[in-house]
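Here the structure is a predicted model, which means the values were calculated and not measured.
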Amino acid sequence: SGARHRIWTRLMRAVAIELDGVLGDTRPLWRDWLADAARRYRTIAPLDPAALPEDRAAAAQELDRWAEAGIGDWRAALERFAEERAPVYLRPDADVSSALRALAAAGHRLGVFTDAPEGLARVAVAQLGVDRRIEALEAGDDALERLRARFGPELAVVRERSALDLQLAR
């Protein structure tokens, strides 16, 4: 039974879904946290959100260096900020939820990827109601490559909402 399950799992088509392009854009929440952090921690270590790279994985590396000046665990602070404010920024989309249900029912393995830090990504997928439909969530640097390693090279990548319907048609 275990071997049969492994073979079945390999035969199922895997779909990698970009969090921000398909499920819900976390960037406004990220930008507001950066502005809040710059204000909140200005007496400890200055932070210029505009100077950070657009790629959040690269920005996270710079924030790690910034935090060494005495800020502490900025990732936990981001996660708390996201938990408090996610309902304002992120709302489940009935069409997207329906497409994900249909893909899962058709036997597709679903993964989500984003360049956002993991805590923000986890809060977002929970707020959007997709956490129980996905098998994997990869966040930060090389997130899509980690999904490919997990699901295999035949991974279909969905970066916009309209492409979810195309996956259903296959």
Axial cation check for Y89 ring with R85, 6.0 Å and 45° limits: no
Evaluation steps, side chain to side chain contact (heavy atoms under 4.5 Å, CB included), between L110 and E135: CA-CA 6 Å; L110 305 177; E135 183 177 323; 5.9 Å; no
Would you kindly say whether T26 and R56 are connected by a side-chain donor-acceptor distance under 3.5 Å? yes
Any ion pair linking R27 and D20 (charged N to carboxylate O, less than 4.0 Å)? yes
Could D93 and R161 be called an ion pair, given the rule that one side-chain N must be under 4.0 Å from one carboxylate O? yes
Here the gap from L155 atom CG to F113 atom CZ, rounded to the nearest 0.5 Å, amounts to 8.5 Å
D95 and L164: side chain to side chain contact (heavy atoms under 4.5 Å, CB included), yes or no, with the steps? CA-CA 10 Å; D95 292 337; L164 273 179; over 6 Å; no
Looking only at heavy atoms, the pair that brings W30 and A59 closest together is CZ2-CB, 3.9 Å
Scanning both residues in full, the closest heavy-atom pair of G24 with L90 reads C-CD2, 3.9 Å
Decide yes or no for R148 and P153: does some side-chain heavy atom of the first lie under 4.5 Å from some side-chain heavy atom of the second? no
How far apart are the closest heavy atoms of L78 and L120, and which atoms are they? CD2-CB, 4.1 Å
Do the side chain of D115 and the main chain of G140 share a donor and acceptor less than 3.5 angstrom apart? no
Note, L19 side chain near V22 side chain (heavy atom, < 4.5 Å): no
Could you check whether any side-chain N or O of E138 sits under 3.5 Å from a backbone N or O of L144, counting only pairs where one atom can act as donor and the other as acceptor? no
Listed by chain and number, what are the salt bridge (charged side-chain N to carboxylate O under 4.0 Å, His left out) partners of D36, not counting sequence neighbours? R39, R40
Quick one: NE2 on H108 to CZ on R13, what's the gap to the nearest 0.5 Å? 7.0 Å
For the residue pair L128 and R91, what are the closest heavy atoms and their distance? CD2-O, 3.5 Å
With side chains defined as the heavy atoms from C-beta onward, is the minimum distance between P49 and R31 less than 4.5 Å? no
Close side-chain approach of R101 and R133, heavy atoms under 4.5 Å: yes
Any pair with a residue in residues 66-76 that passes side chain to side chain donor-acceptor pair (under 3.5 Å), sequence neighbours left out, goes on the list, sorted by first then second residue, please. D64-W74, D64-R75
Please report the C-alpha distance between R65 and L63 in whole Å, then the side-chain angles of each, then the deciding distance to 0.1 Å, and finally whether the side chain to side chain contact (heavy atoms under 4.5 Å, CB included) criterion is met. CA-CA 5 Å; R65 286 189 287 280; L63 288 169; over 6 Å; no
Between the side chain of R146 and the main-chain N/O of D141, is any donor-acceptor distance below 3.5 Å? yes
